[in-house]
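Everything below concerns the one structure shown next.
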There are 2 protein chains.
Amino acid sequence: MKPTDTKQKIMDTAEHLFARDGYRGTSLRAITGKAGVNLAAVNYHFGSKTSLLETVIRRRILPLNQIRKKRLEQLRENARKKKKTPDIKDVLTAFIEPTLLFMESSPGAKNFIAFIGRSFTGPDDTVRKVFMRFIKPMFYLLFEAACDSLPNQPQETIFWRLHFTMGALFHTMQLSGNVDIGPKNLHADINAKSLINHIIPYITAGMKAR
Amino acid sequence: MKPTDTKQKIMDTAEHLFARDGYRGTSLRAITGKAGVNLAAVNYHFGSKTSLLETVIRRRILPLNQIRKKRLEQLRENARKKKKTPDIKDVLTAFIEPTLLFMESSPGAKNFIAFIGRSFTGPDDTVRKVFMRFIKPMFYLLFEAACDSLPNQPQETIFWRLHFTMGALFHTMQLSGNVDIGPKNLHADINAKSLINHIIPYITAGMKAR
DNA sequence: CATTAATTCAAACATGTGTTTTAATTGATT
DNA sequence: AATCAATTAAAACACATGTTTGAATTAATG
């Protein structure tokens with residue numbers, strides 16, 4: 001068995017189980033058992049459980065952040081050309097659309113999106129800290145763009161409304177994932193397109209309120 | 001020491017630690033240590049850790065639900081008298097205001113509110129199931145009232161928008177609590193009134209969108 | 001083919017968990 | 001004051017966790 005296969009299998013299985021049972025709720029024995037590899041393989045290939053977590057997160061979030069960054073930047077560019085402020089709806093879409101579309105780029109990504117959604121509200125410092133490190137700069141970009149779009153709103157208001165928007169988004173991301181939640185999987189037909197069509201009008205109206 | 005004191009101290013400490021570190025992340029030894037009681041006291045007074053969790057939740061959520069139910073019902077009553085549909089803003093306020101005000105009814109309640117916020121998105125089945133059992137009927141009441149207020153929106157849309165609203169609310173509730181997150185506690189000055197003033201316009205606009 | 005490095009494997013380790021047990025202590029009742 | 005039930009206390013139990021160890025196996029290199 002190629003070493004890459006073992007590493008890959010561990011990462012994919014870990015991603016799946018982290019999304020379903022959380023980081024703390026997933027034991028290395030559960031991962032290696034489901035992946036069909038030896039228990040010690042995790043520590044051999046990754047060093048520690050925390051390190052495995054970090055690798056799992058990094059693998060998906062770097063390309064995702066790149067897409068979001070690109071879309072936000074080209075939105076600002078376009079607005080500058082037209083000498084207009086970007087529409088808040090476009091700003092939100094530039095951030096959220098890649099996030100939700102990403103979950104359909106591969107079955108594993110679906111689990112990852114669910115994992116993000118769960119982790120951000122969760123009590124587990126280990127997980128939240130890792131995510132925070134990757135997502136914070138992304139959030140600042142979004143905040144700046146939102147301030148451009150809503151020049152008449154005080155920054156505190158914009159901050160809070162982005163906070164609510166994140167809450168709505170995380171809570172929705174959590175629904176995705178191949179996570180097996182019993183025979184009557186109500187969310188089997190959830191697709192990114194439909195989620196986007198529902199959430200964008202809601203948060204756009206929320207950001208513009210009053 | 002009165003038996004009530006020991007039980008009370010265990011419940012209060014458990015509530016605090018559950019909110020800060022999660023149910024799984026809180027050991028009975030951490031609870032009994034901080035509460036200054038013997039380890040075995042938990043199993044003596046409550047039977048098991050799960051049973052302690054259930055007691056902690058039940059103590060707060062029953063009176064809270066009663067308030068929310070009363071406000072939603074009297075809102076419908078008033079609307080019926082005036083032969084008008086209730087305003088969606090009032091419906092949302094009737095549900096959310098008691099929830100956030102509740103967190104100032106006592107310092108312990110603050111922890112509890114944070115605990116709810118964290119648990120609803122968390123991966124821990126044990127916790128979510130207990131909360132679900134108590135909150136589901138409440139959610140149905142809210143859904144019905146929202147449908148009355150927005151007769152022109154398809155029920156699917158209303159459902160999704162309430163879902164987003166819950167996401168925003170949970171994510172916000174999570175910020176409350178005496179939870180010590182280091183020396184630079186940015187959210188020390190968060191109060192219910194201010195949260196309400198921020199969130200109501202946002203979710204109202206979201207529900208009404210388009 | 002022989003040698004060497006990389007990987008896998010089974011077993012053990014140290015620690016932390018919820019729970020149970022059994023004895024000591026307390027507090028009220030007769 | 002003596003008795004009895006309720007409560008507390010210390011210790012052990014059985015199990016699960018992440019990690020480490022050292023030998024066995026595999027793959028690559030000369």
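In what follows, every chain begins at residue 1, and chains take the letters A, B, ... in the order their sequences are listed.
Between A:R68 and A:T99, the side chains place a donor N or O and an acceptor N or O closer than 3.5 Å (distance only, hydrogens not considered).
Distance A:L28 CG to D:dT20 P: 11 Å, rounded to the nearest Å. Atom-to-atom, CG of B:L39 to P of C:dT17 comes out at 10 Å; the value is rounded to the nearest Å. Spacing between atom CG of B:L53 and atom C1' of C:dG18 amounts to 14 Å, rounded to whole angstrom units. As a whole-Å value, the separation of B:I31 CD1 from C:dG18 P is 8 Å. For the pair B:L52 CG and C:dT17 P, the computed distance is 15 Å after rounding to whole Å. The CZ atom of A:R29 sits 13 Å away from the P atom of C:dA11 (whole-angstrom rounding). The distance between atom CG of A:N43 and atom P of C:dC9, rounded to the nearest whole Å, is 15 Å. Distance, B:F46 CZ to C:dT19 C1': 16 Å, rounded to whole Å.
A:S51 places no side-chain N or O within donor-acceptor distance of the main-chain N or O of A:S48, the cut-off being under 3.5 Å.
Each of A:Y44 and A:S27 was matched to the nucleotide of DNA chain D holding its nearest heavy atom; the match closer to the 5' end belongs to A:S27.
Between B:T6 and D:dT7 there is no side-chain polar atom (N or O) within less than 4.0 angstrom of OP1 or OP2. Taking only side-chain nitrogens and oxygens, A:H45 comes nearer than 4.0 Å to OP1 or OP2 of C:dT8.
Residue A:T26 is classed as a sugar-phosphate contact, given heavy-atom separations below 4.0 Å to backbone atoms only.
Closest to the side chain of A:A40, from the set D:dT21, D:dA12, D:dT8, is D:dT21. Of the candidates D:dA12, D:dT17, D:dA9, D:dA9 carries the atom nearest the B:N38 side chain, counting heavy atoms from C-beta on.
With salt bridges taken as basic N to acidic carboxylate O contacts below 4.0 Å, one links A:R76 and A:E144.
Aromatic rings from B:F18 and B:F112 are positioned such that their centres are separated by 6.0 Å or more.
The two residues B:E156 and A:H198 come nearest to each other via the heavy atoms OE2-CE1, 3.6 Å.
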